[in-house]
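Data block below; observations after.
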Amino acid sequence: MRWSNYYLMTAREAPRDAEVVSHQLMARAGLVRRLAAGIYTMQPAGWRTMRKLMAIVRREMERAGAVELSMPAIQPAELWEESGRWFKYGAELLRMEDRHGRRFCFGPTHEEVITDLVRRDVKSYRQMPLNLFQIQTKFRDEIRPRFGLMRGREFIMKDAYSFDADEEGLDRSYQAMYDAYSRIFEACGLEYSVVEADQGAIGGSSSHEFMVLADTGESAIASCAACGYGANVERAEVGTLAQPAEGGGNAGGDGPRRVSTPGATTVAEVAGMLEVDRTLVVKTLIYETDDGLAAVAIRGDREVNEVKLLNVLGGLGLRLASAEQVAEATGGPLGFSGPVGLSPEVRLVVDESARALADFVCGANAGDEHLVSVRWDRDVAGARPLEWVDVMTAEAADPCPRCSAGQLRISRGIEVGHIFKLGTAYSESMNCTFTDEQGRLRPAEMGCYGLGIGRTAAAAIEQGHDDDGIVWPVPLAPFTVVLSSLDPGDEAVRSAADGLYEELEAALAPGGFDVLYDDRRERPGVKFKDGDLVGFPVRVVVGARSLRAGGAEVSNRQDGEREVVPLDGVPQAVLSRL
RNA sequence: CGGGGCGUAGCUCAGCCUGGUAGAGCGCACGGUUCGGGACCGUGAGGCCGGAGGUUCAAAUCCUCUCGCCCCGACCA
């Protein structure tokens, strides 16, 4: 491709709304253009990167036995009502009506459509296993789209769905996708890790996320270097916590004592006023759930993980209760709640972090008062059975939940892939059944597997850039090589560059590599800056000076290492750098 | 949805407080000088100042409404 005929316009400055580096560079390099909040045009060079990524994804999906198809983006409401998600999915589901008043949505994902398809076609265990995938535009009406392609509303996703006759089959299909995803991110040259994940709105029994490691990632990951445990912090478990402090002066006694704690509404204030360690205070939060109010007790130095809590309590969502609701549940004002004497209407769950506590401090459910010397068995369990749960947020240096030696480390990542074992959740609700070997009717065991195309490209930039611009991994660069002719007016240079261009195209094509020939009538500085900005992995420069030095200059974007090689040696020199 | 901010040339922004004929840099076009890391000089094109309404002799500027965009938050008792 000749740049003079191509559509690739760079800019010195990024648009004001570009916040993260991948978005700024994609905009400056002329790869994407924002059309509306969270909605982008892929300009030609950006689309080339997407196409290369999609080719890698296709190759590995097919290698793993998946079969490509294409499903509609617009989907009828009835299907979503059948699965129960028309209401459950919430406001992220973009809904619309046609001229007859029939209701549709723009598909955020395709479980309903694929399940509907397969239930009509697949009737026997002999037709399975099956794995179907597509690469297609999705729409999710995010509350707050941001960060360019990282969290768009309209985005391109590879989604795959597996159907198996039994759980063992699902395990095999899941593992095949796990391996395929690993090969994909490997092939892209990305540094990634695989972690256990929360299932969220999709539902199902187990899942893993593929995270590209980057400090700007929106996801927090807890991992253990000793045993390899890794999980999204939304889900991460924690080993048994040490209980560093003793009850001190509050130990013993026949029961809880009321103490005055005027104005102390936070754990830190209470601990300071009573001169006890924060780990000896039990924090009690009141939540509003789909089933009424619930109280969560947790050790004072710990934070509640609302994703875990939602999984424990069930329902679609939860929020911290208002002051009025707290008064209804506890009889006291906000800031003085405790597990003793809660309204019997209120469900109480207690985090494991507070289990080892005896003679602890907690709110008295009365203004400006706390209780000291409280015990679970004697003072709380009498009124109600205790429900021990894990709803704490993992923190750095927490003990590993899987091995005795390790400590958790918290890092950040960009979620580029997510695989789920769905089990029979959809096949049951949508009646996707088959006849097994014994002639019985059974629901199919399903899995689903998503991979964000645009987000992976953005993640590659987050991981690969410097002050001058993008540093693409070779497989994802819009063009592998940029050939810059510095003196297009000079006949010797022009013919040398023209010749090189043809030779390079021929030499690179078999490996799937490509060349952008910068034949524009621009000054050298502009060509260098543009090449660095767009991030072509290898640069070949031909100019009057390089010809005098014996040929063309070949260099790498990544480390800038350059050499002058004779013209006929250029293709080989380029290939050796890929 | 709550809070904050911003909409002026293709891009980044000034002008607004204190109303009086629309500005800069980059980019673009043309001419000249340059030519290995975003050149310089000159000339020029390009704007219903997001939209509607109001106040005023007069509105980019003041007021009201509206649309769009961005950021933070939607959290700890």
Side-chain angles (χ1 to χ4, degrees), chain A residues 9-20 23-24 27-28 30 33-39 90-91 143-148 261 263-270 278 281-288 295-307 309-310 317-323 325-327 329-330 332-339 351 362-368 370 391-393 467-469 484-490 493 518 520-534 539 541-549 552-553 555 560 562 564:
Chain A
M9 290 76 169
T10 61
R12 281 174 194 256
E13 289 175 282
R16 191 176 33 174
D17 57 16
E19 194 71 13
V20 295
H23 185 195
Q24 292 168 347
R28 284 190 55 208
R33 171 89 97 237
R34 193 184 65 82
L35 181 64
I39 301 178
I143 307 173
R144 185 142 88 84
R146 55 180 141 178
F147 304 152
T261 51
T265 61
T266 68
V267 169
E269 288 163 359
V270 171
R278 294 197 321 160
V281 178
V282 166
K283 178 162 74 179
T284 306
L285 310 178
I286 311 298
Y287 278 90
E288 178 189 353
V296 186
I298 189 168
R299 204 172 78 178
D301 61 322
R302 285 283 156 170
E303 303 297 331
V304 168
N305 180 329
E306 292 191 350
V307 175
L309 181 63
L310 182 60
L318 45 79
R319 62 196 323 190
L320 282 171
S322 65
Q325 289 172 313
V326 170
T330 70
L334 206 64
F336 296 92
S337 302
D351 186 74
C362 65
N365 295 323
D368 294 337
H370 277 75
V391 294
M392 81 179 104
T393 302
D467 290 345
D468 292 320
S484 293
S485 168
L486 294 194
D487 303 287
D490 180 325
V493 171
D518 191 352
R520 296 175 301 168
R521 295 175 42 164
E522 292 287 352
R523 294 166 54 83
V526 173
K527 297 191 177 193
F528 291 139
K529 288 287 184 189
D530 278 349
D532 288 348
L533 175 60
V534 183
R539 186 179 76 194
V541 176
V542 186
R545 186 195 287 188
S546 79
L547 288 180
R548 281 198 300 277
E553 178 190 285
S555 62
R562 51 176 88 176
V564 175

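Here is the naming used below: chain letters follow the sequence lines, and residue numbers restart at 1 for every chain.
- Using atom P as the reference point in both G3(B) and C48(B), the two lie 33 Å apart (nearest Å).
- For the pair R28(A) CZ and C26(B) P, the interatomic distance rounds to 16 Å; values are reported in whole Å.
- For the pair K283(A) and E19(A), both in contact range of RNA chain B, the more 5′-proximal nearest nucleotide belongs to E19(A).
- Distance noted for atom P between G46(B) and A9(B): 15 Å (whole Å).
- Mapped onto RNA chain B by nearest heavy atom, D530(A) and T266(A) fall at different nucleotides, with D530(A) at the one closer to the 5' end.
- When both distances must be under 3.5 Å, the Watson-Crick or G-U wobble mate of G73(B) is C1(B).
- Residues T261(A) and E269(A) form no side-chain contact, since every pair of their non-hydrogen atoms from C-beta on lies 4.5 Å or further apart.
- Rounded to an integer number of Å, the gap from K529(A) NZ to G27(B) C1' is 17 Å.
- V296(A) comes within 4.0 angstrom of no nucleic acid atom, judged by non-hydrogen atoms across all strands.
- For the atom pair CG of D530(A) and CE of M9(A), the computed distance is 11.5 Å after rounding to the nearest 0.5 Å.
- Protein atom CZ of R520(A) is 15 Å distant from nucleotide atom C1' of C28(B), rounded to whole Å.
- Distance noted for atom C1' between U64(B) and U55(B): 11 Å (whole Å).
- Across the protein-nucleic acid pair, Q24(A) atom CD and C71(B) atom P stand 11 Å apart, rounded to whole Å.
- Here the P atom of nucleotide C70(B) and the CZ atom of F147(A) are 12 Å apart, to the nearest Å.
- What separates CZ of R34(A) from P of G68(B) is a distance of 12 Å, to the nearest Å.
- In this structure, CG of D532(A) is placed 12 Å from P of G37(B), rounded to the nearest angstrom.
- Residue R12(A) contributes atom CZ, which lies 9 Å from atom P of G38(B) at whole-angstrom precision.
- If you check C69(B), G38(B), C76(B) against the side chain of L285(A), the one that comes closest is C76(B).
- A salt bridge does not link R302(A) with D351(A): every distance from a Lys NZ or Arg NE/NH1/NH2 to an Asp or Glu carboxylate oxygen is 4.0 Å or more.
- In the interface, the side chain of D468(A) is not paired with the base of G37(B) through any donor and acceptor atom under 3.5 Å apart.
- Using a 4.5 Å heavy-atom threshold, the side chains of R562(A) and R539(A) count as touching.
- Checking U18(B) for Watson-Crick or G-U wobble geometry (two distances, each under 3.5 Å) identifies no partner in any strand.
- For C65(B), the paired nucleotide is G51(B), the pair qualifying as Watson-Crick or G-U wobble because both relevant distances are below 3.5 Å.
- Nucleic acid contact for T10(A): base, since at least one base atom lies under 4.0 Å from a heavy atom of the residue.
- A 4.5 Å side-chain heavy-atom check between L486(A) and V493(A) finds every atom pair outside the cut-off.
- If you check every strand for non-hydrogen atoms under 4.0 Å, A321(A) touches a base.
- Within the 3.5 Å criterion, the main-chain N or O of G489(A) finds no donor-acceptor partner in the side chain of D487(A).
- Between U12(B) and G27(B), the two P atoms lie 15 Å apart (nearest whole Å).
- Across all strands shown, G36(B) has no partner, as no Watson-Crick or G-U wobble contact with both distances under 3.5 Å is found.
- Nucleotide A29(B) has U43(B) as its partner under the Watson-Crick or G-U criteria, with both atom distances under 3.5 Å.
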Under 3.5 Å, which N/O atoms of the protein pair with N/O atoms of nucleotides 5-10 of chain B?
unit_1: C6(B); atom_1: O2'; unit_2: R16(A); atom_2: NH1; d: 2.7
unit_1: C6(B); atom_1: O2'; unit_2: R16(A); atom_2: NH2; d: 3.3

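- Atom NZ in K527(A) sits 10.5 Å away from atom CZ in R521(A) (nearest 0.5 Å).
- For G23(B) and U66(B), the P atoms lie 34 Å apart once the distance is rounded to whole Å.
- Counting any heavy atom pair closer than 4.0 Å across all strands shown, I298(A) reaches no nucleic acid atom.
- As rounded to the nearest Å, C63(B) and A59(B) have P atoms that lie 16 Å from one another.
- Residue A14(A) is classed as a sugar-phosphate contact, given heavy-atom separations below 4.0 Å to backbone atoms only.
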What's touching nucleotides 32-36 of chain B from the protein side, N or O pairs under 3.5 Å?
unit_1: U34(B); atom_1: O2; unit_2: R523(A); atom_2: NH1; d: 2.5
unit_1: G36(B); atom_1: O2'; unit_2: R545(A); atom_2: NH1; d: 3.1
unit_1: G36(B); atom_1: O2'; unit_2: R545(A); atom_2: NH2; d: 2.7
unit_1: G36(B); atom_1: O6; unit_2: S546(A); atom_2: N; d: 2.9
unit_1: G36(B); atom_1: N2; unit_2: E553(A); atom_2: OE1; d: 2.6
unit_1: G36(B); atom_1: N2; unit_2: E553(A); atom_2: OE2; d: 3.1

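- When the C1' atom is compared between C11(B) and C76(B), the two are found 44 Å apart, to the nearest whole Å.
- The side-chain heavy atoms of S337(A) and N365(A), taken from C-beta on, include a pair separated by under 4.5 Å.
- Spacing between C16(B) and A60(B) at atom P, rounded to whole Å, works out to 14 Å.
- Counting non-hydrogen atoms under 4.0 angstrom, P15(A) reaches the backbone sugars and phosphates but no base.
- Here the side chains of E303(A) and K283(A) are in contact, with some heavy-atom distance below 4.5 Å.
- In the set C69(B), G38(B), C75(B), the nucleotide with an atom closest to the side chain of L320(A) is C75(B).
- Atoms CG and CG, on D532(A) and D467(A) in that order, are 11.0 Å from each other to the nearest 0.5 Å.
- Pairing partner, A24(B): U12(B), with both Watson-Crick or wobble hydrogen-bond distances short of 3.5 Å.
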